[in-house]
There are 2 protein chains.
Amino acid sequence: MSVAETDIGAASREHLSRSKPEQRMELFHSRLRDRGLKSTSPRDDIARVFFELGRHVSAEELYAEVKKINPHVGYATIYRTLKLLKECELLNERHFDEDQARFEVAGDHHHDHFICEKCGKIVEFEDDAIERMQQDVARKLGVALTRHKLELYGLCADCRRSR
Amino acid sequence: MSVAETDIGAASREHLSRSKPEQRMELFHSRLRDRGLKSTSPRDDIARVFFELGRHVSAEELYAEVKKINPHVGYATIYRTLKLLKECELLNERHFDEDQARFEVAGDHHHDHFICEKCGKIVEFEDDAIERMQQDVARKLGVALTRHKLELYGLCADCRRSR
DNA sequence: CTAGTTGCAAATGTTTTGCACAAAC
DNA sequence: GTTTGTGCAAAACATTTGCAACTAG
């Protein structure tokens, strides 16, 4: 099983090597070009901040961060660019328990999430055994799976200790 | 593994034996009494329709159904009564992919859901093996689980055939 | 009686959209 | 020069709340 942690609203992490955001930006630009869409500075600002921030930002948080480097951008452009990044397969939209969506940088591998109910920390993990069991269930139900969502909620290691 | 099906918006099912809704009504009344809350006719109408309809209704659908037998009730009372039923542990709130919540009659046992992306059918299932694996993951992560959410999406048996 | 409940309308919070102006290709 | 993108304000949507009138215990 592999694991990666993210604080909600945390700034960029070292395990996202410094060049990754730039690679994503290049992908973003080429995928825009493929669709006959334009690269603009609001778009670039939003995408770069999103890639550099790391994972699981809300639209609100992203808006606040983007404002710091470009106070001119509006909320609408944030949402429009998030949708665009999703269409370019550079972003995944998540709906945990809250009312607002959270957005993560799309990686190469599928993963599920653990969410700490006390501190809000999000831990990503992959577990092949669970993935296989889901296929077993699908077979027993006679259905064909296209995707799934597994979210575990509870107390993270730190919050357990500080109880 | 055990399984149970529900169409979104389907009317009451025979596998919900005819007396069940009345049993739920009695529970509802006694739990209201325990809390010093009142039984009223809007509340009763909403709760009875909810129990009789079966599972996975949206507030909108429930509102429409309740209107048929009591055109006087307002949306606010629907939501307030749903919240009350949840507090009485007679209802579970679910948030599948959509924007609106769906509400199911709370049963005795935990279960997860398969949702057909074509026809919207919802299939409930329980699988001990998956439940155990989740505990394994929690142990490996060093976290304590309080609850989880597993949703499988794809094509149900019927929709696969009619492709 | 009196605390709890209702319906309505208005407020909420998040996300989307219409539109005139502005910027990319 | 078109076509696409932007910001703003207004709309949309599901859900919640304030409040005066009402009703169950």
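The figures here come from the full heavy-atom set of this structure, side chains too, leaving out hydrogens, waters and symmetry mates. Below, chain A is the first sequence line, B the second, and so on; all start at residue 1.
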- Can you find a pair of side-chain heavy atoms, one from B:K149 and one from A:F96, that are under 4.5 Å apart? no

- Message: Between B:R24 (side chain only) and B:F51 (backbone N and O only), is there a donor and an acceptor less than 3.5 Å apart?
- Response: no

Could you go through residues 131-144 of chain B and list every donor-acceptor pair under 3.5 Å that involves a side-chain atom there, pairing it with any protein atom two or more places apart or in another chain?
from, atom 1, to, atom 2, distance (Å)
B:Q134, OE1, B:H148, ND1, 2.9
B:Q134, OE1, B:H148, NE2, 3.2
B:D136, OD1, B:R139, NH2, 2.7

- Any B:T77 side-chain nitrogen or oxygen under 4.0 Å from OP1 or OP2 of C:dG7: yes

- Item | Given A:E151, A:R55, A:H56, A:R102, the one that forms side-chain hydrogen bond (donor to acceptor under 3.5 Å, both in side chains) with A:H113 | A:H56

- Task: Would you check if A:E61 and A:Q100 make a side-chain contact, meaning some heavy-atom pair closer than 4.5 Å?
- Result: no

- Letter per nucleotide, 5' to 3', of nucleotides 18-25 of chain D [B base touched, S only sugar-phosphate touched, - untouched; heavy atoms, 4.0 Å]: B-----BS

- Side chain proximity check, B:E60 to B:I78, heavy atoms < 4.5 angstrom: no

- Query: Roughly how bent is the helix from C:dC1-D:dG25 to C:dC25-D:dG1 end to end, in steps of 10 degrees, with each end axis from five pairs?
  - Reply: 30°

- Item | A:C159 vs A:K121 side-chain heavy atoms within contact, under 4.5 Å | no

- Spatial distance of atom CD1 (B:I69) from atom CG (B:D45) [nearest 0.5 Å]: 4.0 Å

- Winner on side-chain proximity to A:Y79, out of D:dT15, D:dT6, C:dT16, is C:dT16

